[in-house]
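Notes for the one structure printed next.
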Amino acid sequence: MPSPRAPRPAPPAPADLAHPAGLAPPAAALPPIPALHSSVIDWFDEHARELPWRRPDAGAWSVMVSEFMLQQTPVSRVLPVHEQWLARWPRPAALAAEPPGEAVRAWGRLGYPRRALRLHAAAGAIAERHGGQVPDDHAALLALPGVGEYTAAAVASFAYGRRHAVLDTNVRRVFARALTGVRYPPTATTAAERKLAHALLPEDEATAARWAASTMELGALVCTARAPACVRCPIAAHCAWRLAGSPAHDGPPRRGQTYAGTDRQVRGKLLAVLREATGPVAQEELDAVWHEPVQRARALDGLVADGLVEPLPGGTYRLPLT
DNA sequence: CAAACGTGGTT
DNA sequence: TAACCAAGTTT
């Protein structure tokens, strides 16, 4: 903790940073913030996975494609699709030159296919408004379709080394445990979390970018949701949650999303047929994927409304050409 | 701000 | 096996 007689304005005390919401203080003080940075970054230097979008020669487009694909989809399933995607569309303009349906088809079974549509639209915007170069500015990134607060910060930070708080589910969990002392972060990102993340950001731009990647990787590999591997954690000795005895999550139940029988499942089945088809698909073939006609029609209408499916005059359907 | 939005692996 | 979880965004 900084002395009250510090000769110059000291950075805010760790305990204050960690408890903007007035939660109980941790059982022990954190080390100086720079030491915390070093611990996690040093761990990252030794244990980071080698991923295609992290290679030195990976461009901003590769990073951006990975970020879209990784929105709610595990790395292991993204890897092969990302590789094919970059081989086929090495630059945004190449993707933009093709019909959106091709993006949806190439998306395969990654899930949430609207992301493919948005990535295609983002590529078009980049080609038209940014000279074909993925913007390095957070605000410009945020203006792109499918790019939210997290993705804008991630692309700016990982692709361009810019200084941004990158708050994904991994980082939020690491901060919740190590600094706030709770097992899980709130359901939605709060102002307190943003404040904490910004306060912890290293001053130096390159270090800040490294810190962002490091904390995210720590959450993905060690400080995992169900079974954190604290024995492998570089900051376990300082973790507020551990020091508090690793208390169980107290708030409301995490989240439960049933899938069977939902419109989402029906949409998935319909789109799977259209992805595999080479030409227009007859209504009857789509009817075969789901028995209940009302829900089936609602799902198909939804896909059309979302621009994922294009209805043709003859009562047939295909992935969108425009 | 809660709900919608895919898919598949793990516990 | 039902529930949980995975680098979120949009409405």
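Model, not experiment: these values are computed from the prediction. When reading the values below, keep in mind they use all heavy atoms of this one structure, side chains included, and skip hydrogens, waters and symmetry mates. Numbers restart at 1 for each chain; the letters A, B, ... are given by sequence-line order, proteins then strands.
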**Report entry** Salt bridge present between A:E149 and A:R194 (N-O < 4.0 angstrom)
**Finding:** yes
Requested in this report: Report which part of the nucleic acid A:G148 touches: base, sugar-phosphate, or nothing (heavy-atom distance under 4.0 Å, all strands).
Outcome: sugar-phosphate
Requested in this report: Nearest whole angstrom, please: distance from the C1' of C:dG8 to the CZ of A:R173.
Outcome: 14 Å
Report task. Name the nucleic acid region contacted by A:F68, choosing base, sugar-phosphate or nothing; use a 4.0 angstrom heavy-atom cut-off, strictly under. Result -> nothing
Query raised in the report: Given the P atoms of C:dA7 and B:dA3, what is the spacing between them in whole Å?
Result: 23 Å
Query - Charged N-O contact under 4.0 Å between A:E50 and A:R55 - result: no
Requested in this report: List the steps, then state whether side-chain contact (heavy atoms from CB on, under 4.5 Å) holds for A:Q265 with A:W290.
Outcome: CA-CA 10 Å; A:Q265 184 183 23; A:W290 197 253; 3.7 Å; yes
Query raised in the report: Counting only N and O atoms by type, is there a donor-acceptor contact under 3.5 Å from the side chain of A:R115 to the main-chain atoms of A:M69?
Result: yes
Requested in this report: Starting from the 5' end of DNA chain C, give me the residue, A:W53 or A:R118, whose nearest nucleotide shows up first.
Outcome: A:W53
Query raised in the report: Looking at C:dG8, B:dT7, C:dA7, which one has an atom nearest to any side-chain atom of A:Q72?
Result: C:dG8
Requested in this report: Taking only Lys NZ, Arg NE, NH1 and NH2, and the carboxylate oxygens of Asp or Glu, determine whether A:D45 and A:R210 approach each other closer than 4.0 Å.
Outcome: yes
Requested in this report: Could you check whether A:R77 gets within reach of a base, just the sugar-phosphate, or nothing at all, counting any heavy atom under 4.0 Å?
Outcome: base
Query raised in the report: Out of B:dA4, C:dA7, B:dG9, which nucleotide sits closest to the side chain of A:R49?
Result: C:dA7
**Report entry** Separation of C:dG8 C1' from A:L117 CG (nearest whole Å)
**Finding:** 16 Å
Query - Distance test, side-chain N/O of A:Y259 to OP1/OP2 of B:dT7, below 4.0 Å - result: yes
Report task. Pick base, sugar-phosphate or nothing for A:A225, based on heavy-atom distances below 4.0 Å to the nucleic acid. Result -> sugar-phosphate
Report task. Let me know the distance between CD of A:E149 and P of C:dT10, rounded to the nearest Å. Result -> 11 Å
Query - Interatomic distance at P, C:dA2 relative to B:dC5, whole Å - result: 22 Å
Query raised in the report: Just checking A:W107: base, sugar-phosphate only, or nothing, at a heavy-atom cut-off of under 4.0 Å?
Result: nothing
Report task. Check the distance between C:dT9's P and A:M69's CE and give it to me in whole angstrom. Result -> 16 Å
Report summary line: In whole angstroms, the gap separating C1' of B:dA4 from CG of A:D301 amounts to 16 Å
Query raised in the report: CZ/A:F175 to CG/A:N170 distance, rounded to the nearest 0.5 angstrom?
Result: 11.5 Å
Query raised in the report: Heavy atoms under 4.0 Å, any strand shown: does A:L119 hit a base, just sugar-phosphate, or nothing?
Result: nothing
Report summary line: Rounded to whole Å, CZ of A:R114 lies from P of C:dT11 at a distance of 8 Å
**Report entry** Side chain A:T73 and base B:dG6 donor-acceptor under 3.5 Å
**Finding:** yes
Requested in this report: Select base, sugar-phosphate, or nothing to describe what A:L110 touches, counting heavy atoms under 4.0 Å on all strands.
Outcome: base
Query raised in the report: What is the nucleic acid contact for A:V147, judged by heavy atoms within less than 4.0 Å: base, sugar-phosphate only, or nothing?
Result: sugar-phosphate
Report task. Looking at every strand, decide which applies to A:R172 at a 4.0 Å heavy-atom threshold: base, sugar-phosphate, or nothing. Result -> nothing
Query raised in the report: Are the charged groups of A:R163 and A:E205 less than 4.0 angstrom apart, N to O?
Result: no
Report task. Would you mind classifying the nucleic acid contact of A:R264 as base, sugar-phosphate or nothing, using non-hydrogen atoms under 4.0 angstrom? Result -> base
Query raised in the report: If you pin A:R226 and A:L303 to their nearest nucleotides in DNA chain B, which one's is more 5'?
Result: A:L303
Report summary line: Rounded to whole Å, CH2 of A:W211 lies from C1' of C:dA7 at a distance of 17 Å
Report summary line: Quick note, A:R115 side chain, CB onward, closest among B:dG6, B:dT7, C:dA7 is B:dG6
Report task. Could you check whether A:R275 gets within reach of a base, just the sugar-phosphate, or nothing at all, counting any heavy atom under 4.0 Å? Result -> sugar-phosphate
Query raised in the report: Among the nucleotides C:dA6, B:dT7, C:dG8, which one has an atom lying closest to any side-chain atom of A:Q71?
Result: C:dG8
Report task. Under 4.0 Å between any heavy atoms, over every strand shown, what does A:Y184 touch: base, sugar-phosphate, or nothing? Just pick one. Result -> sugar-phosphate
Report task. Pick base, sugar-phosphate or nothing for A:Q265, based on heavy-atom distances below 4.0 Å to the nucleic acid. Result -> nothing
Requested in this report: Could you please name the option among C:dA6, B:dT7, C:dT9 that lies closest to any side-chain atom of A:P74?
Outcome: C:dA6
Requested in this report: Calculate the interatomic distance between A:M64 atom CE and C:dG8 atom C1'; express it in whole Å.
Outcome: 14 Å
Query raised in the report: In terms of side-chain heavy atoms of A:R267, which of C:dG8, B:dC5, C:dA6 is nearest?
Result: B:dC5
Report task. May I ask you to say what A:T151 touches in the nucleic acid, namely base, sugar-phosphate or nothing, with a heavy-atom cut-off under 4.0 Å? Result -> sugar-phosphate
Query raised in the report: Does a salt bridge link A:D306 with A:R267, judged by any charged N lying under 4.0 Å from a carboxylate O?
Result: yes
